Number of protein chains: 2
Amino acid sequence: MTATPFPVSEIVAARRPHRKDAARNYDALLDAAREAFTEHGADASLEDIARRAGVGIGTLYRNFPTRRDLFETVYADEVAALCGAALELADREPWEALTAWLGRFAGYMVTKRAVREALNGESDIFQTCRESMYAAGGPLLERAQRVGAARTDMDFGDLLRLVAGITATNFEDAAQRDRVLSIALDGVRTGR
Amino acid sequence: MTATPFPVSEIVAARRPHRKDAARNYDALLDAAREAFTEHGADASLEDIARRAGVGIGTLYRNFPTRRDLFETVYADEVAALCGAALELADREPWEALTAWLGRFAGYMVTKRAVREALNGESDIFQTCRESMYAAGGPLLERAQRVGAARTDMDFGDLLRLVAGITATNFEDAAQRDRVLSIALDGVRTGR
DNA sequence: ATTGAAGCGGAGGTGCGCCTCCGCTAGAGT
DNA sequence: ACTCTAGCGGAGGCGCACCTCCGCTTCAAT
C-alpha cells in the first residue's frame, strides 16, 4: 500500500490485482489479516480473516494461494511502511531521530512476531525485508554514532534485537514499557 | 518436582498422585509437556505430549482435566526451580549473583512465553508465581543496589521485563545475544 | 494370596479449520 | 448496450486435535 523507494514495497505491489473490485478486496484482506495477526498471532484462522474482510474464503485463496503468501505479504507491507517512516526523520536531531524511529519500529513488532512464528524463518522474504530495514534505519544509528551520541561497539542488528525483544514483552502499563526501554537505551547512549 | 520453600512449589506437589505408577506418569507428562512447549509453543498437541510421555491420552486428562491445568503446572514447576536457584547464589558478589540468576532466568523464558500465550494472562497462578519470583530474585537486585552496583530508579519488575524481552528474541548466534544483553545491563549498572 | 479400588489406555464421537471447486456476478473493453 | 472474462462466494469434503467413556491392569492393604 504505502509506496516507498525500497525493494520490499514491490512485493506488495506485484500481487495487487488491477481490476477495481479485486484491488479493494485485496486491500481489505491485508487489513483484516494484520488485525487478526495482532489479535490471535500466528494461529489466526483464514476463514476468520475472510469474514473480517467481508469477502468469501475463495477470494482469500485466489489472492493468497498459501498461508505463507498471506503472511509474507502482510509482513512486507508493514516493513515498507516502516522504511518510509525513516525517510521522514532525516531532518531531526540524530539521537532523537533514532529513538523516534525505534518507537515506530516497536509498533510493528506484534505483527512481525506472528509472521516470523508462522513462517518459522523459512522464507527468503526475510532477506529482502532485512535489507530494506537496514537501508532505512541503519543510517539513523550511524548518524548518532558519528556525533558521539551512541556507542560504536554495536551494530544496527544488535539495536533492532534489543528494541524488538523489549517491545514484544507484556508490560503492566505503558509507563513501565517506556521506563524499561529507556533503561536499555541508556546502555546504547554515550555521553550523559 | 524441585522442592523449595516458596508457595509456588506446593502447586505441583498438591497435584502429584500418591500411587507409584501414577506418580511416575505424572512426572513423565510434565517432562514431555515442557519439551513440547519448548518445541512447538502454545500449540503443542496434547496427544503428542501423551505419546512423548509414553502414556495414553486418558492418563493425561485424568491428571490434567483441562489444557489450562497442564500449562499451569508446568509453569509453576519451572518457577519453583528458578526460585531454588536464587537461594544458591546468596554467597556470591552482589552484581555477579544478580547477573548469574538473570542468566538462569533467561533459560526459562521459552516455556514461560508458551504458557503465557496459552493462558492469555487469565490465571491467578501468575499472581502466586510472581510473588515467589519476586521473593526469590528481588533481594538479589536490592543487594546490588545497596552496594551501588545497580541504578535505584527501577524495580525488580522492570529488570525482569528487560531481560525477558531480550531473551525471547531470536538472535543470529549466542554471541549476539550476549552482546545485546550486556548492552542492556549496562543501562542498569552504575559506577563503571 | 486375595481383593477392591485407583489407575490405565485408546477407540471413537465431535468440532473446527483448511482448501477445492464450480455456478454466479460484475467490471472493462468495444 | 453488449459481451466475455476475471473475479466472486460459500457449500462441502478432508483431516486433525480435543475430549469422553469404559473394559482391562496394576498397586497396595489386609
Side-chain angles (χ1 to χ4, degrees), chain A residues 12-74 114-115 117-120 122, chain B residues 12-33 35-74 114-115 117-120 122-123:
Chain A
V12 181
R15 266 219 168 78
R16 199 161 186 269
H18 290 38
R19 228 175 78 172
K20 202 171 58 177
D21 56 345
R24 197 180 338 113
N25 286 338
Y26 178 87
D27 294 343
L29 278 168
L30 239 44
D31 287 346
R34 181 169 27 247
E35 193 183 305
F37 293 160
T38 306
E39 209 164 302
H40 296 113
D43 306 333
S45 148
L46 297 189
E47 293 188 320
D48 178 49
I49 290 172
R51 215 174 303 125
R52 283 174 196 247
V55 306
I57 185 70
T59 300
L60 187 153
Y61 276 96
R62 198 171 327 95
N63 280 287
F64 308 100
T66 72
R67 190 183 187 78
R68 174 199 222 84
D69 290 315
L70 177 57
F71 276 75
E72 284 185 351
T73 309
V74 170
V115 175
E117 192 182 329
L119 267 51
N120 211 21
E122 294 162 4
Chain B
V12 181
R15 266 222 168 75
R16 198 160 187 268
H18 290 40
R19 227 175 79 171
K20 202 172 58 176
D21 55 345
R24 199 182 333 115
N25 286 338
Y26 178 86
D27 294 343
L29 278 169
L30 239 43
D31 287 346
E35 194 183 305
F37 292 161
T38 306
E39 209 164 303
H40 297 113
D43 307 333
S45 148
L46 297 189
E47 292 188 320
D48 178 50
I49 291 172
R51 216 174 302 125
R52 283 175 196 247
V55 306
I57 185 68
T59 299
L60 186 152
Y61 276 96
R62 198 169 328 93
N63 280 286
F64 308 100
T66 72
R67 190 182 187 77
R68 173 199 224 83
D69 290 315
L70 177 57
F71 276 76
E72 284 185 352
T73 309
V74 169
V115 174
E117 193 182 329
L119 267 52
N120 211 21
E122 295 161 3
S123 172

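Labels below follow one simple rule: chain letters A, B, ... track the order of the sequence lines, proteins then strands, and each chain is numbered from 1. A quick note: this is a predicted structure, and the numbers were derived from the prediction, not measured.
C/dC19 atom P lies 12 Å from atom CD1 of A/I49, rounded to whole Å. Here the P atom of nucleotide D/dC19 and the CG atom of B/L46 are 7 Å apart, to the nearest Å. Following rounding to the nearest Å, A/Y61 (OH) and D/dG7 (C1') show an atom-to-atom distance of 18 Å. Note: CZ (A/R51) to C1' (D/dC8) measures 17 Å, nearest angstrom. Between B/E47 atom CD and C/dA11 atom C1' there is a gap of 11 Å when expressed in whole angstrom units. Computed from coordinates, the B/D43 CG to D/dC18 P distance equals 10 Å when rounded to whole Å. For the pair A/R62 CZ and C/dC21 P, the computed distance is 14 Å after rounding to whole Å.
Between the A/D69 side chain and the A/T66 main chain, a donor and an acceptor come within less than 3.5 Å of each other. Put simply, the side chain of A/T59 never gets that close to the backbone of A/V55: no donor and acceptor are under 3.5 Å apart. Side-chain atoms of A/D31 never come within 3.5 Å of backbone atoms of A/A28 as a donor-acceptor pair (strictly under, hydrogens ignored).
Between B/T59 and C/dG7 there is no side-chain N or O to OP1 or OP2 distance below 4.0 Å. Remark: A/R19 is not in phosphate contact with C/dA26, judged by side-chain N or O atoms under 4.0 Å from OP1 or OP2. When the side-chain nitrogen and oxygen atoms of B/N25 are compared with OP1 and OP2 of C/dC8, one or more of them lie within a distance under 4.0 Å. A close approach under 4.0 Å does not occur between any side-chain nitrogen or oxygen of A/S45 and OP1 or OP2 of C/dC16.
Side-chain proximity of A/R67 to C/dC18, D/dC8, D/dA11: nearest is C/dC18. For B/I57, the side-chain atoms get nearest to D/dT20 when compared with the rest of C/dC19, D/dA28, D/dT20.
Place B/T66 and B/D21 on DNA chain D by their nearest nucleotides, and B/T66 ends up nearer the 5' end.
Here A/F64 and A/F71 keep their ring centres 6.0 angstrom or further from each other.
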